[in-house]
Amino acid sequence: MSGISRRAEAAEAVTVRNVSQDYGTSRVLNGVDFALPTGQVMALLGPSGCGKTTLLRLVAGLLAPSIGSVGIAGNLVADASTGFFLPPEKRGLGMVFQDYALWPHMTIGENVAFPLEMRGIGRSERETRVEAALQRVGLGGFGARRPSDLSGGQQQRVAIARAIVAEPGLVLFDEPLSNLDRELREQLVGEIGELVATLGLTALYVTHDQAEAFSLADSVAVMRGGHIVQADSPEQLVAQPATPDVAEFLKLGTVVEVEAHGDGWWLPGAVEALLPRSLGPAGTDDAVLLLTRSALRPVASGEGQLQAVVRRSQFRGDHHLLTLVLPRAGEIELSLTSDRRAQPGERLGLALVPEALRWFARSRPVPVRLSEPAL
Amino acid sequence: MKAGAATGRISGTGPLFWAVTGLLLLLVAFPLAFIILQAIFPEIGHASLARPFSGMVAALGDWKLLGMARNTVALGIMVMAGAALLAIPLGVFRVLFRLPLGRFWDLCFLVPFMIPPYIATLGWIMTLQPRGYLQQLTGINGAGFLFSIPGVAFVMVLSTFPVVYFAVSRTLEAVGQRYGDVARVFGASPLRAFWRITLPLATPGLAASLLLVFAMAIEEYGTPAALGRRAGFDVLVTGVDNRISDWPIDLSGAAVLSLLLVGLSLIAFFTQLRILSRRNYETTGGKPQAIERRPLGLWTVPVLLFFAFAAFIACAVPLLAILATALQRTLSGGLAFGNFGLQNFTEIWSQGSDGLTALMSSLSLGVSTALITGLLGALASYFVVRGTGRGRVLLDALSVLPNALPGVVVAVGLILAWNQPWLPVSPYNTPFILLIAYCCILLPFPVRYANAAFRQIGTSLESAARVAGAGPVVTLRRILGPLVAPSMVSAMLLVFAVASRELVASILVAPVGMTTVATFIWRQFEQGSVGLGMAMAFTAILITTALPLIVLIAMRRTRMVL
C-alpha cells in the first residue's frame with residue numbers, strides 16, 4: 001500500500017549522492033550518483049567486482065559509505081560527512097539474497113512472517129498476509145515446511161515472498177537468480193516481472209545478466225570499475241551506448257579502433273580501407289567504431305563494401321552464428337547472424353548499413369575481440 | 001566382492017578387515033564384557049557363575065551409590081553451566097565485535113588444553129591452600145572455597161570452558177552473523193536479531209559442546225580425587241577407584257558403578273551426536289562472507305578486562321603456581337627471592353633418577369600409543385567409511401564405543417579381564433597393560449580425525465586409481481594414505497600429548513615398580529616432595545607441547561600440511 005501512495009507523490013525512492021567506498025586501501029566504489037524514482041525498477045548491471053553488490057549493501061545499510069550520502073524515500077539514511085547512519089532495520093526494506101538466506105531454524109511460514117512480526121503486526125493478520133504472499137509466489141500451503149525441504153527455486157520464491165510480505169517501500173534484489181539453472185532463471189524472471197508490475201514495487205536489482213536486467217528494469221545502470229558508466233532505459237542503452245566499454249559489455253557488436261588516412265578509415269596494419277572517410281566523424285584522425293550486427297549484411301562474394309572469410313559457423317537453434325575475418329582489413333574478427341550454415345573458408349561479401357554504425361572518440365586503447373550477439 | 005569392485009572400494013571382508021576387527025574386540029569389547037560379567041556374576045574371578053546378580057543387588061541397594069550418581073550428575077551440570085556462563089560471552093564478544101588482540105586471546109584459551117586437569121588442580125591447591133600463594137601475597141586463604149563442591153566445579157570449568165569458547169566462535173562465525181544481518185534488513189534491532197536468529201542458530205553447536213563438557217566432567221578423576229575427597233564429595237569415578245584400590249576390595253561394586261558411569265557417558269555422547277547430525281546449521285549457509293564486526297565503543301575496556309581475567313585464572317594461575325612450586329628450594333621458605341633455585345629440575349634430569357625414568361616410560365608409551373592408535377584408527381575408519389561388508393557395523397560400534405568409556409572404566413575392565421585365572425598368557429603386570437589401556441582410551445581421536453578426512457575425499461579419486469590399474473591395497477597406500485596422512489599425524493600428536501600424561505588408568509593398572517609422569521607427580525604430591533612433582537609437571541607440559549609443535553612446524557616446512 002505504502003508503495004503506491006508514495007508513488008503518487010513521485011518522490012525519489014533512492015538517492016545516492018557522490019558515494020565512494022573503500023575496503024582497506026582499495027576503492028571499490030568511486031563517486032557513484034543516481035536516483036531511483038518511486039514505482040520504478042532499476043538494474044545495476046556489471047561484471048563481478050564492479051561494485052554493484054557493495055552499492056546495494058550501502059543502500060541496505062549493511063555498510064556505511066566512506067564518502068557521500070544515501071537517501072531513501074526522501075529521508076537521509078547515511079551521510080559520511082556527518083557520520084549519520086540509520087541502521088538497516090530502520091530503513092523499511094525488503095531484500096532478496098543470492099544464497100536465499102532463509103533462516104534454517106524457522107519454518108517457511110515463520111521466515112515469511114518475520115518482517116511482519118518486526119513491524120508489530122498481530123498474529124491473525126500475520127497469518128493471512130503470509131499465506132497471501134506465499135500464494136503470490138505459487139507456494140500456498142507451504143508454511144509449515146522447513147527451508148531444507150525445498151528446492152533452490154522454491155527457496156528463492158520463499159525469499160521473494162519474505163521480501164514483499166510487508167509491502168516495503170523499496171525491495172533490493174542481490175543477484176537473486178544466479179544460483180539457479182537457466183530454465184528456472186528464465187521462469188523466475190517472468191514471475192518477478194509480474195510481481196513487480198502488479199504490486200507497483202520500487203526495486204533495485206543487482207545482476208550480471210543483461211537479459212535479466214533488460215526484461216525487468218525501467219532503467220539499467222551499467223557499472224564498471226566502481227562507477228556507473230551509463231544509466232538509461234534498456235532501449236536507449238542498446239541504441240546509444242555511451243562508451244565502447246558499454247557496447248562491449250552489452251555485446252552489441254565488434255569494437256575496433258580505426259584511423260583515418262586519405263579518404264578512408266583504416267584498421268592498423270590493414271592493406272585496404274574499412275570504410276569511406278565520409279561515414280565517420282569529421283575533424284579527427286582516429287576513432288573507435290562499433291560494428292553492430294545490424295550494420296553488416298551478408299551478400300554474395302565480391303559484392304558489398306567488405307570481403308570476409310568464414311572462420312566458424314555455429315547453429316544456435318533459430319539462426320547460425322558466423323565468425324568472420326576480414327583478411328584485407330586487419331584480420332579483425334566479426335560475428336554475424338545468418339539463416340544458412342556457412343563452411344569454414346567460404347568467402348562472403350558484406351554490405352554496410354551506415355546508420356547502424358556507432359562512433360566514439362578515442363580515449364584509451366580498446367582491445368579488439370570477438371563478440372557474441374545480444375540475447 | 002562384486003559390489004566392492006564396482007565402486008572401486010575394498011570389500012569389507014578381507015583378512016585385513018578381520019585383523020582390525022579382532023584387535024578392536026580384544027582392546028575394547030573384551031574388557032567391557034568382563035565389567036558386565038563381573039557386575040552380574042560376582043564369583044567370575046574364580047571361574048564360577050555362582051550367585052548371579054547378588055553383587056548388583058547389593059551395590060544398587062547401597063545408598064552411597066545413589067549419592068555418588070547424584071553427585072556425578074550434579075557436578076556435570078555445574079561444570080556445564082559454569083563453562084556456558086564463562087565461554088558464551090567470551091565467544092560472542094570475540095566473533096561479533098571488534099575485539100583488540102583477538103588472536104592472542106584465542107591462543108590463551110588453547111593453553112588449558114595443554115595443562116592436564118589434575119596438574120591444574122594441583123596448581124590451584126598450591127595457590128589457595130592455607131599458607132598458599134594467595135595467602136602469602138594477599139593474606140586471603142581460599143581453602144574453604146577450593147575444597148568444596150563449587151571449588152571442584154570451578155577448577156573443572158577452567159579446564160573445560162575453551163571447548164565451548166571455540167565451539168561458539170566457530171558456529172557464530174559460520175552461521176549466526178550472516179543470518180543476523182538478514183534479519184536486520186527485515187526490521188529486527190541488533191538485540192532482537194541476536195536473540196531470534198543468531199543465538200538459535202548457534203544453539204546446536206553450543207549444546208553439543210556443552211554435552212562434551214558434561215562428559216569430560218563426569219569422567220574426570222584427578223580434580224574430584226584431589227579436591228572432593230576432603231569435602232566428602234564422592235562421584236562415581238572416585239567411587240570406582242575406592243572399590244578397586246582400598247580395602248575391602250569390591251570388584252562387583254566397581255563393575256556396577258562403572259556401568260552406571262558408562263551409561264551416563266553414552267547418553268551424553270549420543271545426545272551430542274544426535275544434535276550435531278540433525279540440527280547442524282553450519283553447512284547450510286551459502287558462500288562464506290567476511291564478518292562485519294561491530295565496534296565495542298565504551299565497552300572496550302570492560303570487555304578486555306573480562307578476557308584478561310579469564311585468561312589469567314585459566315592459564316596464568318595454574319602455570320605460575322606450578323612453576324613457583326617447582327622453583328622453590330623448600331616449600332616452607334615461601335615466595336622469597338633467596339628460596340628460588342633449579343634444584344628440583346636438576347634432580348629430575350639427573351642420570352638414573354626416578355623422575356627421568358618415569359619421563360622416559362611415559363614418552364615411549366606415548367609414542368607407541370600414538371603409532372598404534374593412528375594405524376588402527378585409520379584402518380578402522382577406512383573400513384567403516386569406505387567399506388561395503390556387513391562387518392563394518394560391528395567395526396563402527398567398536399571404534400565409537402571408547403568415546404563413552406572413561407579412563408577409570410577402561411582400567412577396571414582391564415583388571416577384571418586380564419586377571420582371569422584361565423588365561424594362558426596375560427599382559428597384566430607388564431608395561432603392555434598400560435599400552436592397551438592408553439590405546440583403548442585414546443582410540444576415538446584418530447578415528448574421529450580419520451572419519452572426517454575420509455569423508456572429505458571424493459570416491460572418484462579412488463575410482464580413478466582403480467581404473468588406472470591400481471589394486472585396492474595399492475590405492476590405499478598410494479592415494480588415500482597420503483591424502484589422510486596430515487590429519488592422522490595431527491591426531492597422533494594429540495594422542496601422544498594426552499597419553500604421556502594420562503593419570504587414572506596409570507594409577508590403577510601400572511605394573512609394580514613402574515612409574516609414569518602422572519603417577520610420579522601424583523605420588524610426589526601426596527607423600528613426597530611437592531616441588532619435585534611440580535618440576536615434573538612443568539617439564540611434562542613443556543615436552544608434550546613442544547614436541548608436537550616441532551613436528552607440526554617440520555611438516556609445514558616439508559609441505560606435508562597444506
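Chain naming here is simple, since letters A, B, ... match the order of the sequence lines and numbering starts at 1 in each.
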side-chain contact (heavy atoms from CB on, under 4.5 Å) evaluation trace for B/Val185 with A/Arg57:
CA-CA 10 Å; B/Val185 172; A/Arg57 289 172 67 81; over 6 Å; no
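If you measure heavy-atom distances from B/Ala193 to chain A, you find no contacts under 4.5 Å at all. Residue contact with chain B, scored on non-hydrogen atoms closer than 4.5 Å, involves the backbone of A/Leu102 exclusively. The part of A/Phe97 that comes within reach of chain B is its side chain, from C-beta onward, which places non-hydrogen atoms under 4.5 angstrom from that chain.
Of all residues in residues 119-131 of chain A, those placing a non-hydrogen atom less than 4.5 angstrom from a non-hydrogen atom of chain B are A/Arg119.
Using a 4.5 Å cut-off on side-chain heavy atoms (C-beta onward), B/Ile197 and A/Met106 make contact. Contact annotation: the side chain of B/Arg184 never approaches that of A/Leu93 to less than 4.5 Å [non-hydrogen atoms, C-beta and beyond].
Of all heavy-atom pairs between A/Pro104 and B/Leu201, the closest is CG-CD2, 3.5 Å. Residues B/Phe186 and A/Trp103 approach most closely at CD1-CH2, 4.1 Å, considering heavy atoms.
In terms of the salt bridge (Lys or Arg N to Asp or Glu O under 4.0 Å) criterion, B/Arg103 has no residue partners (sequence neighbours excluded).
Ion pair B/Arg192/A/Glu89 not flagged as a salt bridge, since none of the NZ, NE, NH1 or NH2 atoms sits closer than 4.0 Å to an Asp/Glu carboxylate oxygen.
Heavy atoms from other residues, nucleotides or ligands lying under 6.0 Å from CG of B/Leu305 number more than 12.
Checked by atom type and distance alone, the side chain of A/His105 pairs as donor or acceptor with a backbone atom of B/Arg196 at under 3.5 Å.
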